[in-house]
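Below is one structure, written out as structure tokens, with a few remarks after it.
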Amino acid sequence: MSTPENKYTPASIEPKWQDAWDKARVYEVSNELAELKKKPKFYVLDMFPYPSGAGLHIGHPEGYTATDVVSRLKRMQGFNVLHPMGWDAFGLPAERAAVREGIHPAIITKRNVDNFRRQLKRIGFAYDWSREVDTTDPGYYRWTQWIFLQLYERGLAYMAEVPVNWCPAQATVLANEEVKDGKYVETGDPVERRMMKQWMLKIPVYAERLLADLDGLDWPDHVKEMQRNWIGKSEGAEVSFALEGSTQSLVVFTTRPDTLFGCTYCVLAPEHPLVATLTTPAQKAAVDAYVTTAKNKSDLARSEAKEKTGVFTGGFAVNPATGKKVPVWVADYVLITYGTGAIMAVPGHDERDHEFAKAFGLPIVEVVKGGDDVQQAAFVGEGTAVNSGLLDGLGTAAAKEKMIRWLEEQQRGVRRVQYRLRDWLFSRQRYWGEPFPIVHLDGGGIATIPVSQLPVQLPHVDEFKPTADGQPPLQRATDWLMVELPDGRKGVREVNTMPQWAGSCWYYLRFIDPKNTQAAWGAELEKYWMPVDLYVGGVEHAVLHLLYARFWHKVLFDCGLVSTKEPFQKLFNQGMILAYSFKNDAGKYFGPAEVDDRDDGAFAKATGEKLSKQIEKMSKSRFNVVSPDDVIAAHGADALRLYELFMGPLEQVKPWQTAGVAGVQRFLERVWRLVVDEETGALSKRLTDEPESADPALQKALHKTIQKVQDDSAGLRFNTAISQMMTFVNDATSAKTVSKDVLRGFLRVLSPYAPHLAEELWQRLGGQGFVCAQSWPSFDPKLVAEDSVTYAVQVLGKLRAEVVVPIAATEAEVRAAAEANDKVQAALAGKQVKKFIFVPKRLVNFVVG
RNA sequence: GCACGAGUGGCGAAACUGGCAGACGCAGCGGACUUAAAAUCCGCAGGCCCUUCAGCGGGCCGUACGGGUUCGAUUCCCGUCUCGUGCACCA
């Protein structure tokens with residue numbers, strides 16, 4: 001009888017080793033430069049989580065396990081590894097919970113952080129917890145405020161009355177990046193446009209560098225592409241149109257200056273300041289009505305409008321190329337927020353202008369030859385300029401150049417690069433965020449809080465909601481509001497707070513030197529650790545977080561505060577984990593416990609009704625959420641870790657299959673039985689004290705495993721690394737005896753993946769110290785190399801036989817061996833060999849006629 | 001609509017630069033052990049077909065679909081379909 005105590009029981013060994021690692025502080029890395037400089041560094045970072053009330057879901061540990069394996073491997077390979085964890089803890093959900101429960105968000109945040117930390121520790125991650133950071137800690141946001149002051153002093157932060165995205169449901173403004181199709185991307189609440197005085201950051205100043213420096217980064221191509229699209233660089237020209245009856249001129253931006261001769265009208269955005277100037281008395285009523293309607297339309301309604309609308313202002317501009325008068329219209333398909341808020345319309349060669357011209361009967365002129373009839377559809381491709389005076393006969397690229405030069409000579413225009421990227425709206429009407437270190441002086445003007453007085457701490461307020469007259473919650477802190485600066489000037493504090501992105505823009509720098517009270521980080525430590533060597537997180541941050549963080553980093557670089565141009569050298573996105581869900585025809589979802597999932601389909605247990613089974617995003621409403629706590633309780637943390645990585649390639653979206661966890665758990669049990677005799681609890685009787693070399697076959701299997709796990713882990717191909725370990729364990733299980741030496745080697749290989757089990761078995765096998773603190777085993781290239789090789793023998797591309805020959809066999813020797821084979825002879829009988837293909841170490845192919 | 005990515009057994013997947021498709025695992029099947037079951041261990045396993053008492057042996061098809069290049073294509077090229085992601089009046 002095997003007793004339960006002698007079986008593999010993760011529930012008892014995992015907490016034991018987690019405590020032991022904690023006490024021995026094995027994962028802490030020195031903060032002493034002299035000590036650090038003895039070894040090379042590796043900085044491996046996870047995107048730190050927002051500690052939500054729901055706790056960890058199964059998606060978090062996927063990326064975290066990947067970085068954990070890499071961090072453990074690198075440590076064993078002799079690197080100083082920086083592998084920290086922290087909390088991106090400012091944000092809306094805690095504030096909403098605070099309003100709901102009437103508890104301070106700091107208390108809710110602490111509760112959630114404690115839960116997250118507990119869950120992460122249960123998984124056995126090798127984080128250096130002495131470096132934990134929390135963006136809501138005044139000792140942290142003190143430096144967030146300090147960085148804001150750097151931006152302010154460089155003229156990159158300013159306050160302005162701007163059209164903003166106002167979200168009534170959340171009672172706050174949002175950044176452009178947070179709004180899509182007129183809705184807040186997080187909640188789907190509608191967003192409307194309002195004019196408000198807000199803080200803005202001049203990220204477009206860095207547009208060119210943010211674009212150019214992408215080239216040197218080891219990032220997924222699609223993430224680089226998304227950033228490029230977001231920055232949206234367009235090259236072209238600004239063209240000035242003289243206005244009839246006015247000394248002012250109308251400036252438009254175009255990427256197609258070569259089509260200027262085809263401009264038959266101009267269009268202003270409804271918000272454009274020249275609308276009032278240009279509108280004639282006869283058109284005033286119609287224009288006013290149109291502009292009012294457009295202003296009241298939400299962004300969503302404006303972007304969803306199918307048909308082009310607009311009104312003639314009655315005014316005219318002069319096309320600088322043709323000298324002809326063209327009418328100026330106002331239409332909401334032109335955006336005030338891009339370019340100059342006005343366009344030259346070329347209906348022959350722009351689809352939108354074509355649609356508008358058709359709708360309002362405006363003339364269409366062909367100025368680029370190469371497409372079909374421009375009266376029917378716009379031709380937007382490249383071609384040859386026609387009807388274009390000095391440009392006639394030129395190709396599109398040459399025509400653009402010539403027109404820009406001509407405009408510049410005539411002083412009617414200039415070459416211009418335009419970016420889609422706009423100033424970053426950087427304030428929110430919230431309580432739970434970093435206060436700005438800013439004072440609005442009584443006499444007018446803005447002053448900054450001196451660095452020595454930071455942090456500006458969040459004051460206590462009795463309610464976290466906006467005030468009755470719509471002011472941000474900080475307006476309630478009446479005592480806090482009034483401030484006198486050291487030089488005697490008085491004023492009121494800024495009551496907006498920073499958006500959640502602020503804290504995550506620089507946390508990777510704080511991890512370098514988290515306890516420093518004199519500076520945000522030590523300069524020498526920064527030089528040692530930066531850049532981040534591997535950054536893993538979800539693709540949802542491809543634009544927002546990663547663009548904002550790069551922007552701040554470049555500002556800090558210009559301030560001489562960091563030594564690298566870019567913060568994250570290598571980026572990797574893990575794929576989302578989905579799960580099976582079950583629902584009936586009416587769309588009602590069923591939890592796994594209510595479903596009988598058989599080979600012939602899924603059925604509701606209660607009613608027997610047939611259910612559809614699909615793979616979807618995990619969500620409470622679909623009853624398909626998998627909790628890491630439950631998986632650990634049922635299978636152990638090592639099995640969770642292993643399955644997270646064994647499911648498939650890290651970058652891939654893939655469904656969670658509960659049965660798969662049992663599979664990797666079985667693998668871990670087999671490893672256990674290699675070492676432990678389950679009958680007695682003593683060491684397995686098959687173990688020997690002989691050296692590795694006593695069993696050449698298993699020794700070879702071990703060395704191959706070391707090599708493959710090493711290469712695959714470094715390349716983030718964890719799934720194939722794990723299958724190699726499984727193959728080794730299968731080999732070892734069927735061997736009559738196994739050398740302890742071989743097993744100790746294997747446990748070192750296993751330990752980054754299943755650290756608890758490896759630690760327990762290492763100790764039982766008499767290993768010294770912690771297995772996670774051992775050096776990574778080296779493999780012997782001679783052992784990994786095969787001494788014989790199996791060639792596939794094809795005749796006319798069809799497999800006919802296999803021959804085994806010495807590794808060094810020459811082409812002639814392999815051919816002779818192949819021809820000696822019965823089946824090959826049969827296939828070749830009576831045929832002429834026209835050609836013989838030889839692929840070293842793989843196959844040969846007889847091409848017969 | 002535009003851009004990018006992906007389609008391989010019942011399922012998750014593997015296959016380095018064109019070279020034995022399906023490693024490893026899940027589910028399944030057979031055997032051993034057991035009074036029995038679970039667990040474990042050993043074995044089978046892409047599909048269709050022929051041959052055979054059975055074993056053995058053999059043939060054809062097969063990496064979304066249709067073509068092409070090549071001695072040879074999951075891999076390269078052209079076209080089609082499906083799914084996913086991003087962008088979407090950005091002049």
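In what follows, chains are A, B, ... by sequence order, proteins preceding strands, each numbered from 1.
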Is the phosphate of [N], meaning OP1 or OP2, less than 4.0 Å from a side-chain N or O of [X]?
X	N	value
Lys654(A)	rG12(B)	no
Arg420(A)	rA91(B)	no
Arg673(A)	rC41(B)	yes
Ser234(A)	rA91(B)	yes
Arg717(A)	rA13(B)	no
Arg800(A)	rG59(B)	yes
Asn719(A)	rG25(B)	no
Gln652(A)	rA13(B)	yes
Asn730(A)	rG25(B)	yes

Name the closest nucleotide to the [X] side chain, picking from [options].
X	options	value
Met226(A)	rG86(B), rU40(B), rA13(B)	rG86(B)
Phe646(A)	rC71(B), rC89(B), rG25(B)	rG25(B)
Thr720(A)	rA27(B), rA14(B), rA39(B)	rA14(B)
Val847(A)	rC71(B), rC42(B), rA91(B)	rC71(B)

(message) I'd like to know whether the aromatic ring centres of Phe646(A) and Phe718(A) sit less than 6.0 Å apart in this structure.
(response) no
(message) Using the P atom as the point on both nucleotides, what is the distance between rU75(B) and rA6(B), in whole Å?
(response)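 Comparing P positions in rA6(B) and rU75(B) gives a spacing of 13 Å.
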(request) Pull up the glycosidic torsion of rG22(B) and say syn or anti, syn being anything within 90° of 0. (result)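 Because its glycosidic torsion lies more than 90° from 0, rG22(B) adopts the anti conformation.
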(message) Please convert RNA chain B into dot-bracket. A pair counts if it is Watson-Crick or G-U wobble with both distances under 3.5 Å; crossing pairs go in [ ] and bases paired with another strand get |.
(response) (((((((..(((......[....))).(((((.......))))).(((((......)))))..(((((..]....))))))))))))....
Would you mind classifying the nucleic acid contact of [X] as base, sugar-phosphate or nothing, using non-hydrogen atoms under 4.0 angstrom?
X	answer
Gln418(A)	nothing
Gly339(A)	nothing
Asn845(A)	base

(request) Return the value, rounded to whole Å, for the distance between atom CD of Glu355(A) and atom P of rG1(B). (result) 16 Å
(request) Round to the nearest Å and state the distance from Arg228(A) atom CZ to rA88(B) atom C1'. (result) 19 Å
(message) Looking only at side-chain N and O atoms, does Thr790(A) offer a donor or acceptor that is under 3.5 Å from a partner on Glu802(A)?
(response) no
(request) Measure from NZ or CZ of Lys308(A) to the centre of the six-membered ring of Phe356(A) and say whether it is under 6.0 Å with the direction within 45° of the ring axis. (result)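 No, Lys308(A) does not sit over the ring of Phe356(A).
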(request) Find out whether the Lys NZ or Arg CZ of Arg815(A) is both under 6.0 angstrom from the six-membered ring centre of Phe838(A) and within 45° of the ring's axis. (result)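 No.
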Protein-nucleotides 4-11 of chain B N/O pairs closer than 3.5 Å?
| from | atom 1 | to | atom 2 | distance (Å) |
| --- | --- | --- | --- | --- |
| rC11(B) | O2' | Gln657(A) | OE1 | 3.0 |

(message) If you assign Phe253(A) and Ala792(A) each to the RNA chain B nucleotide with the nearest heavy atom, which residue ends up on the more 5' nucleotide?
(response) Ala792(A)
